[in-house]
Amino acid sequence: MADTVREIERKYEADDDTQLPDLAGTGRVATVVEQGVEVLDALYYDTADQRLAADGITLRRRTGGKDAGWHLKLPVAPGVRDEVRAPLSDTPPADLTALVRSRVLDQELVPLVRLRTRRTVRLLQDAAGAPLAEVAEDTVRARRAGEAGEAGEPGEGSAEARWREIEVELIEDGGGDAELLDEIGRALAAAGVRPASSASKLARALAETGLERARPDKGRTKGSGKGAGKGAGKGAGKAGRTAGDVVLRYVREQIRVIIELDPAVRRDLPDSVHQMRVATRRLRSAFRSYTKVLDRAVTEPIGIELKWLAAELGVDRDREVLTERLRAGLAELPRTLRLGPVAARLRIWSERRRAGSRGRLLAVLDGPRYLSLLKTLHALLEAPPLRKAATRPAPEVVAQAVLKDYRRLARRMETALDTPAGQARDEALHGARKAAKRTRYAAEAARPALGRPAKKFARWTKRVQQLLGDHQDSVVARGALRELATQAQQAGEGGFTFGLLYGREEARAADRERELPGVWKKVSRRKNRAALRP
């Protein structure tokens with residue numbers, strides 16, 4: 001199984017004759033301990049068209065040093081990367097190639113460049129001898145993979161690059177922090193050391209050996225899965241913005257979120273499943289809301305596959321949400337009302353469901369259907385299926401789409417509020433929840449064109465969605481509590497506590513139903529809808 005190390009570092013470059021300063025006394029650094037010299041030999045892998053490099057990802061096989069093996073570096077934030085490690089083998093390990101599948105699809109990973117590095121390592125410690133950071137002074141030689149040459153010498157006609165690089169990296173779980181990195185950076189700058197011109201050794205090697213590929217601007221959006229759709233209103237109202245510009249910006253953002261979150265989901269990182277599922281729903285909603293902009297004949301089959309993926313992601317996510325809700329409800333009860341081994345019963349029930357759902361999700365991500373969906377999404381980025389209305393000014397087109405979704409929501413809300421309490425009403429409210437979510441996402445996508453009115457409308461619609469969501473969660477929780485009570489009774493444990501929780505969930509759902517008409521009245525005000533019209 002692969003191990004992961006969080007890297008927080010700063011990179012610098014220096015001329016051959018530049019002398020590094022003595023860093024003792026810099027910030028909390030009391031002593032500098034020489035760690036010796038390492039000779040490292042690394043072969044970097046990518047697809048022929050460098051899909052990993054395009055996203056700042058590196059995959060290498062390295063010998064020498066204390067961490068020889070395969071290393072996959074995934075960007076987290078500027079200066080922060082997760083390095084996922086696996087033991088040495090002749091070919092890229094499956095544990096690592098799975099983490100880049102959403103980028104490379106079924107393309108072969110091949111060696112591109114080879115880096116030989118002579119590294120001098122120094123450990124920075126505080127007054128108590130605790131490690132703070134490590135300074136690596138590297139002399140790097142890079143050449144294209146497979147070129148002739150011995151003993152580090154280039155073959156005839158080969159392209160080789162050479163440079164001197166300094167890396168300052170915080171010790172994981174050590175006492176260093178960003179402030180220390182800043183202080184070390186200032187000390188190095190005073191000695192003539194410069195911030196690195198390239199984000200990584202690989203990026204510089206590709207550029208200086210003539211392998212770097214020109215990357216045309218395809219309108220990719222940057223950013224992580226969290227907060228997708230937030231801040232979309234910046235620059236609203238710019239002249240000349242078309243409906244296609246606005247809708248494709250949103251669509252591209254969601255596709256990038258799905259692709260970027262794939263490795264996080266595989267690694268079981270917190271909230272990754274939820275955020276990936278949200279992105280699939282946002283994308284599917286955009287396809288359904290903006291049919292005047294995007295060709296439905298192309299997007300509808302993709303939407304079916306996105307619905308399937310969201311359902312598969314939901315198996316694990318829904319279990320997480322439900323378990324947390326039941327645990328919270330149990331914790332709120334006085335001890336005198338927790339009769340029998342109810343906590344243990346809940347834990348066993350949840351763990352059994354998790355074991356099955358986690359394995360199923362990984363099988364989905366490794367399966368052919370998901371790979372086909374990824375290929376389709378990549379193709380959509382390359383050639384968006386725009387319709388004639390995509391060339392029209394954005395405000396009119398996107399406002400019509402949001403209002404159309406609102407009218408659909410209003411019909412469902414009217415039906416739900418007129419339905420007598422019971423299962424039929426629960427189902428009607430669940431349908432209204434789906435419509436509220438779609439309307440909210442449409443308004444979020446419209447913010448670059450409509451500005452503050454779309455932001456406000458999305459916020460109010462989200463409030464309706466949250467009320468309806470809490471109601472639906474109560475419906476699902478009551479079903480789980482019936483199951484738990486049945487299991488407890490069959491084991492001779494009694495089901496009193498689960499019955500009590502069931503009653504509380506009923507009361508919670510009734511509270512949401514009482515709140516709903518007032519909140520909906522605010523959302524459905526005529527002035528809110530009028531503000532959306534350009």
Side-chain angles (χ1 to χ4, degrees), residues 1-4 45-55 57-61 69-76 82-110 224-225 254-281 283-284 301-320 351-381:
M1 178 62 72
D3 297 321
T4 302
Y45 284 69
D46 204 336
T47 59
D49 56 356
Q50 299 176 21
R51 297 185 180 191
L52 298 185
D55 284 345
I57 297 171
T58 62
L59 174 63
R60 72 185 178 201
R61 181 187 188 275
W70 285 91
H71 304 153
L72 174 66
K73 297 197 177 191
L74 300 166
V76 176
D82 277 348
E83 182 177 279
V84 188
R85 299 174 176 176
L88 279 175
S89 60
D90 293 335
T91 57
D95 283 353
L96 302 191
T97 56
L99 297 179
V100 297
R101 192 185 193 211
S102 64
R103 266 88 170 192
V104 306
L105 305 177
D106 54 5
Q107 296 296 305
E108 183 183 6
L109 290 165
V110 296
S224 66
Q254 307 318 317
I255 292 176
R256 292 303 303 165
V257 169
I258 293 170
I259 292 170
E260 291 172 2
L261 279 175
D262 176 286
V265 171
R266 293 175 185 273
R267 295 166 60 200
D268 202 18
L269 297 186
D271 205 37
S272 58
V273 171
H274 171 60
Q275 292 297 335
M276 188 174 181
R277 189 185 188 192
V278 168
T280 63
R281 287 176 163 173
L283 182 56
R284 181 168 176 256
I302 303 175
I304 292 172
E305 294 305 286
L306 289 169
K307 182 179 181 180
W308 161 76
L309 178 59
E312 295 293 351
L313 291 166
V315 172
D316 203 44
R317 171 62 182 172
D318 290 347
R319 180 205 57 80
E320 291 177 356
E351 288 175 353
R352 285 176 178 171
R353 290 167 64 97
R354 171 172 171 76
S357 63
R358 181 67 186 164
R360 174 173 174 170
L361 177 56
L362 291 176
V364 165
L365 297 183
D366 289 333
R369 186 173 180 180
Y370 175 63
L371 178 60
S372 178
L373 173 58
L374 288 173
K375 288 181 178 180
T376 304
L377 295 179
H378 278 271
L380 186 69
L381 289 176

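Just so it is clear, the values below take in all heavy atoms, side chains as well, and ignore hydrogens, waters and symmetry mates.
Judged by the 6.0 Å and 45° rule, R369 forms a cation-pi pair with W308.
Side chains of L96 and V100 form no contact here, defined as non-hydrogen atoms less than 4.5 Å apart.
The residue from D106, D366, T376 that alone fulfils the side-chain contact (heavy atoms from CB on, under 4.5 Å) condition with L371 is D106. Shown are L59, L74, T47; of these, the side-chain contact (heavy atoms from CB on, under 4.5 Å) with L52 is made only by L59.
Atoms CG and CZ, on L109 and R103 in that order, are 12.5 Å from each other to the nearest 0.5 Å. Here CG of L377 is found 10.5 Å from OG of S102. Values are rounded to the nearest 0.5 Å. We find the NZ-CZ distance between K307 and R281 to be 11.0 Å, quoted to the nearest 0.5 Å.
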After noting the C-alpha distance and the side-chain angles of L306 and I258, does the key distance pass the side chain to side chain contact (heavy atoms under 4.5 Å, CB included) rule?
CA-CA 10 Å; L306 289 169; I258 293 170; 4.3 Å; yes
One pair to check against salt bridge (charged side-chain N to carboxylate O under 4.0 Å, His left out): R51 and D55. What are the steps and the verdict?
CA-CA 7 Å; R51 297 185 180 191; D55 284 345; over 6 Å; no
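Partners of R277 according to the salt bridge (Lys or Arg N to Asp or Glu O under 4.0 Å) rule, which considers only residues two or more places apart in sequence or in another chain, are D318.
Checked by atom type, the side-chain pair R60/H71 shows a donor-acceptor distance below 3.5 Å. A donor atom on one side chain and an acceptor atom on the other are found under 3.5 Å apart for D271 and Q275.
Scanning all heavy atoms of the two residues, the minimum distance from Y370 to D262 falls at OH-OD2, 2.6 Å.
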